[in-house]
**Q** 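One structure, as structure tokens, below. Some questions next.
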Amino acid sequence: MSEKIKMKNPIVEMDGDEMTRVLWHLVKELLLSPHVELYTAYYDLGLSNREKTADRVTAEAAEATLRHGVAVKCATITPNAERVKEYGLSQMWKSPNGTIRSILDGTVFRAPILVRGIAPYIPTWTKPITIARHAYGDVYRNVELPAGAGRRAELVLTGGGEPEERVPIHEFGGGGVVQGVHNTDESIVSFARACFSYALDTKQDLWFASKDTISKTYDRRFKDIFESVFDAEYKEAFAGAEIAYFYTLIDDMVARVVRSRGGYVWACKNYDGDVMSDMVAAAYGSLAMMTSALVSPKGAFEYEAAHGTVQRHYYKYQNGETTSTNPVATIFAWSGALRKRGEKDGSRELADFADRLERATLDTIESGVMTGDLYALSSLPNKRLADTEEFLRAVADRLAG
Ligand code: NAP
Ligand code: MG
């Protein structure tokens with residue numbers, strides 16, 4: 001066997017929970033370690049260790065990501081009341097992804113992994129549609145009140161050394177409701193930069209939409225910020241990469257997306273992204289074939305699978321039953337991180353390995369060997385159901401061969 005690929009700088013490795021933790025170690029053992037001398041800064045974000053460290057490990061992993069620039073994360077349990085009991089937690093620790101996102105201040109990009117034999121519900125979608133969701137503000141940071149009959153609602157701005165401004169919202173004859181939302185220029189600018197950078201990085205057009213014909217100040221602000229960031233910082237690079245920035249109204253956008261072939265990044269305001277990412281994921285067929293990348297304006301990248309810890313399969317696994325859990329999104333989280341590490345370090349070898357790993361994974365499925373979730377969807381005539389480890393070994397053979 002030829003020599004293993006060496007890494008110049010580490011990847012921050014965040015281990016996780018349940019079935020994905022099992023997959024994590026199998027992927028490393030069977031697919032990565034035989035070919036790469038793995039160099040990682042390891043953080044155990046498994047729930048027991050979060051409890052043991054009073055969740056400091058999560059913040060430390062995020063800080064390390066800012067230092068090293070590239071991270072790969074396993075799915076983790078976000079505790080609820082049941083988990084507090086199951087793991088004997090001293091408190092209901094916050095969502096690790098929320099903690100990491102608030103430290104990296106990032107935008108999340110979700111992209112489907114397409115494979116022959118699994119047709120999307122929209123047959124023209126032959127290339128992936130990547131959704132970039134703005135993760136701050138709007139209705140997710142709202143304040144709202146029920147308004148009784150006879151109440152008057154106003155929008156009031158004070159402070160900042162400026163005269164007070166008051167705008168009437170509505171005089172309630174009968175009862176009703178009222179809501180206040182906000183966003184900040186800083187957050188919109190960093191969202192815009194993350195979107196333009198990711199589009200450049202992946203050489204895809206960037207599409208963005210809002211409702212600026214109706215929301216002439218609020219949504220208009222998003223449109224204007226995107227345009228000025230593009231003109232000032234990205235226009236030339238986009239022209240050089242032969243990609244485009246395209247803005248339209250959100251209703252027109254939805255119609256265009258449905259008729260499109262895919263192959264672009266769709267930047268969405270917070271609510272649009274919440275709704276549309278589930279629509280897009282469902283239309284491509286399987287949550288187990290969705291990757292997720294967090295891009296920080298501070299220059300750091302974190303890769304993970306879009307699905308959770310696959311709890312139901314884990315309980316079967318613990319009972320000694322065979323499972324057929326799909327490791328593809330976990331493999332692609334690793335390949336994404338290795339490729340980015342290779343690019344940042346000028347290591348062609350490492351980036352090429354990432355490409356070969358992804359190709360071997362897809363070729364395995366296209367040859368007919370697949371886990372249960374895909375077996376149920378695939379139209380391949382020679383398809384064969386593999387358990388978790390059989391599938392990984394088939395990928396390993398192909399990768400070595
Ligand atoms: P989940 O782990 O995504 O699983 C939901 C269902 O989707 C599974 O029961 C399974 O369906 C199917 N599925 C998901 N991934 C699969 C895979 N790789 N292979 C085959 N089937 C797959 O969501 P959940 O059960 O709602 O959440 C479990 C835990 O994950 C929770 O504690 C939650 O906090 C955590 N979570 C973490 C993240 C993250 O870290 N990013 C994200 C979401 C949820 P069948 O059972 O029908 O086979
Ligand atoms: Mg949602």
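Numbering of ligands and ligand atoms starts at 1, following listing order. Because the structure is predicted, anything quoted here is derived from the model rather than measured. Sequential numbering from 1 along the given sequence is applied to the chain's residues.
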**Q** For atom 20 (C) of ligand 1, is there a protein heavy atom at a distance under 4.0 Å?
**A**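 At least one protein heavy atom is under 4.0 Å away.
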**Q** With a 6.0 Å cut-off on the ring centroids, do F191 and Y136 count as close?
**A** no
**Q** Any idea which protein heavy atom is nearest atom 14 (C) of ligand 1, and the distance to it?
**A**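 Scanning the protein heavy atoms, the shortest distance from atom 14 (C) of ligand 1 goes to H307 CB, 3.9 Å.
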**Q** Determine whether the aromatic ring centres of residues F196 and Y245 are separated by less than 6.0 angstrom.
**A** yes
**Q** If the contact criterion is a heavy-atom separation under 4.0 Å, does H313 count as touching ligand 1?
**A** yes
**Q** Establish, yes or no, whether a centroid distance under 6.0 Å links the rings of Y315 and H313.
**A**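 Ring centres of H313 and Y315 not closer than 6.0 Å.
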**Q** Look at ligand 1 and say whether K73 reaches it with a heavy atom at a distance under 4.0 Å.
**A**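 Under 4.0 Å: yes for K73.
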**Q** Just which atoms of ligand 1 are under 4.0 Å from any heavy atom in T325?
**A**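 Those atoms are 17 (C), 18 (N), 19 (N).
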**Q** Output yes when a protein non-hydrogen atom is found under 4.0 Å of atom 37 (C) of ligand 1, and no otherwise.
**A**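 Given the 4.0 Å limit, the answer for atom 37 (C) of ligand 1 is yes, a protein heavy atom qualifies.
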**Q** Might you point out which heavy atoms bring K383 and Y375 nearest each other, and give the distance in Å?
**A** NZ-O, 2.8 Å
**Q** List ligand 1 atoms under 4.0 Å from E304, heavy atoms only on the residue side.
**A** 41 (N)
**Q** Determine if the distance from atom 27 (O) of ligand 1 to the closest protein heavy atom is below 4.0 Å.
**A**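 There is no protein heavy atom less than 4.0 Å from atom 27 (O) of ligand 1.
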**Q** So, using side-chain hydrogen bond (donor to acceptor under 3.5 Å, both in side chains) as the criterion, who are the partners of R166 when residues are at least two apart?
**A**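 side-chain hydrogen bond (donor to acceptor under 3.5 Å, both in side chains) list for R166, sorted by chain: E154, E164.
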